[in-house]
Amino acid sequence: MRLVFLSIFGLGFWAFIFFMLYRLLRYFRGVQEIGPLLAGKLLGLILVGFFSILMLSNIITALSSFFLARDLDLLASAPVDWLKLYMAKLIETLVHSSWMVVLMAIPMFAAYGVVYSGGPLFPLIVIASFLPFLMVPTIVGSALTLLLVNLFPARRTRDILSVIAVLAAGGIVVMFRLVRPERLARPEGFRSLVDFITILRGPTSPLLPSEWVERAVMSWLNVKTDLLPYYLLWSTAAAAFVLGAILHRSLYAKGFSKAQESGERWAHNGRMTRIGTILLRPFGIVRRELVMKEVRLFFRDTTQWSQLILLGVLVMVYVFNIKFLPLRGTGLTFFLVNAVPFLNLVLAGFVLASVAARFIFPGVSLEGRTFWLLRSSPMSMKQLLWSKFWVGTLPLLVLALAIVGVTDYLLQVSPFMMAVSIFSITLMTLGLAGLAIGFGTLFPQFETENAAQIPTSFGGLIFMMTSIALIGAVVVLEAKPVYAYLSAQAFGTPATTSDMVLGFGSAGLLCAAATLIPITVALKKLENQG
Amino acid sequence: MIELRGLTKRYGSFTAVNNIDLSVPRGELFGFLGPNGAGKTTTLRMIAGILRPTSGTVHIGGIDLAAQPTAAKSKLGFVPDRPFIYEKLSGSEFLRFVAGLYNQEGPQIEHRARELLALFDLEEWRDELVESYSHGMRQKLIISSAFVHRPEVIVVDEPMVGLDPKAARILKDLFKEYTRRDHTIMMSTHTLEVAETMCDRIAIMQGGVIRAAGTMAELRANAEDGTAGLEDIFLRLTGENAARALVDVLNA
């Protein structure tokens, strides 16, 4: 069942990427002269993105596979040859950090192959160029991790890496926005066609393997023979491997030993505990202790809160894009101006669903091995779930209201649309948090140590799909009364209150059901477990 | 104080615990012995309310655990066999959190927590995060957490594993003093010497059933040889082909 579901979802995802790219490439193909250049440039941009993701994920994965994995004690005490260990761990790192990029690359290369008639040998060309492209970041990332672990203890390194990775990811997003890749599709924005073609012809980053893969693939598709990129790719991978192996032999034993040391970590208390104790006093001892525990665990685990930085960057990018929407000027109808804040609700809903997936969904899973304590105590599972619900929901609600409030302010929406937005986003937030707690409990990942991996599980996928359905349903239910109201405003047609009550009432009921039903079902499961 | 009636736990077709009847009165230190996979941990986890029995009942202090779990569990402290606790809490925060789960707080809890940490030589680690504790230190912290809310019954699974000799000695004295004060302790152990010297009564489990139960004198009397030690009785009841297997293994 799970396999079938995942296969359907995966195929759907592949089909989506394939057809999007297929249509775009067909369009490029129809453009004289610059068409192939545009296709190559697009491929180069995607590959640079892949390369950045691969570098980051390899550095983080290498830390786990080379220094923190559970099998390392056994391997370190066994008479295993250092080169074999290095290669085995390198392959493990490569597979764990690259599978997602490979999954995304398959439909992408397929689209290029189909549109430019790559022929039956095209997959081999892709493999011959893409494999060393995956190997280089794995070897370089592992070497960087090795150097870092030799400088800091592994647990500290993990904290430092999480922050670096997140800042770097945020930086990539911001840079991507600054480069504005979409302008490449609009040549009229350049001073002259010559300028445009010069930019297209010039290599973006001649020293990066992404450029070599692009050259290898595009030369094959344009029926030219260019062997240089293959030499560059394979010789770089081989040289990196040799240097990586030398580094591994001289530094790994020292680094591994250092990785066993845990950084000295003291719990800093005082003001936060006192304020928390006073604020939570009305809720009773059990709830207070549960909430305080959640907050402490969250802020002391760098892998948890560091992703908030990335989230902040994403929200900033989103808000900025809203700010620069050309919503004033001629040719824009009253309806279009008012439809944007409504669509804004959908996008804000998606942001909230991803935040809920990352921070609320893993709540019960993270109790995992400590569940014995909660289950043997007289505390009820109801108290546990609702505490987790409110600890996650209140910050989410603040974020939701901030996103919608600021974007609506920037869009200068009418008071009516502002009220609709705030009403809807509040209900949606409660519904999304309920779904996150519910599905997180129904599909727990008790054995996972890294909270960031939990949302990528099967349960996480179901949660995201249900969330999207909820957001869609709320918007559809509210669309009719909002349209009727706006019509009444614009043309003086009578607006019926029954439409309003029905639309907003049913959206409200749906969100209430999304909040309560999953938590009730989850509660039943927890109470009957064992 | 602990009453088990027809307690059974099945996992699919496998029966881990089969129709156990047992009564442990107030003030008794009761020991569970048995080979690996005998069903001891499953039984203790059912008594602690972590696992639900397939059939049968558990009463703690006369309260049905299934019907009134909150009331029954508030009389109980549990120490699991593996010391998994929140890595990002400090020792003293963990004790405060556990007391909170039992709806207890205030200066008395703080005082008790300090005393317990001092007893197990954890005082200087009290504000350090659990992630830097060793296995034995975690075990000591969990044992402390079972005492911090002063339960009437303590259920403890393999308490001696990972403890240094000094802590093991302290724990034995603590258990004796606790039962002398009319509290009840039920523990499982593989250390026969511990069971023989500490427990008022012992049950030997195998294959999910209790093969023998009683005081040391009763167990000896029931054994064919009236002078046998607990090890002899244990091996006789649970199978003694270990020596033959060893020779085969080493010759293989």
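Naming convention: chains lettered A, B, ... in sequence-line order (proteins, then strands); numbering from 1 in each chain.
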For the atom pair CD (E87(B)) and CZ (R369(A)), what is the distance rounded to the nearest 0.5 Å? 9.0 Å
Output the distance between atom CZ (R296(A)) and atom CZ (F97(B)), rounded to the nearest 0.5 Å. 10.0 Å
What's the shortest heavy-atom distance between S377(A) and Y102(B), and which atoms? CA-OH, 3.6 Å
Nearest heavy-atom neighbours spanning I285(A) and Q104(B): CG2-O, 4.0 Å
Within a radius of less than 6.0 Å around CD of Q108(B), do more than 12 heavy atoms belonging to other residues, nucleotides or ligands occur? no
Count the heavy atoms belonging to other residues, nucleotides or ligands that lie under 6.0 Å from CZ of R82(B), then report whether that count exceeds 12. no
Short N-O contact, R300(A) and E131(B), less than 4.0 angstrom: no
Quick one: of M379(A), Q383(A), E289(A), who has the most non-hydrogen atom pairs under 4.5 Å with chain B? E289(A)
Check whether R288(A) gets within reach of chain B through its side chain, its backbone, both or neither, counting any heavy atom under 4.5 Å. side chain
Does K293(A) use its side chain to pair, donor to acceptor, with the backbone of E93(B) at less than 3.5 Å? no
Per-residue contact mode, I142(B) against chain A (heavy atom under 4.5 angstrom): side chain
Which bit of V98(B) comes within less than 4.5 Å of chain A, counting heavy atoms only: side chain, backbone, both or neither? side chain
Just so I know, are the side chains of W372(A) and I85(B) near enough to count as touching, which here means a heavy-atom distance under 4.5 Å? yes
Starting from the C-alpha separation in whole Å, work towards a yes-or-no answer on side-chain contact (heavy atoms from CB on, under 4.5 Å) for F94(B) and L373(A). CA-CA 11 Å; F94(B) 180 69; L373(A) 176 64; 3.6 Å; yes
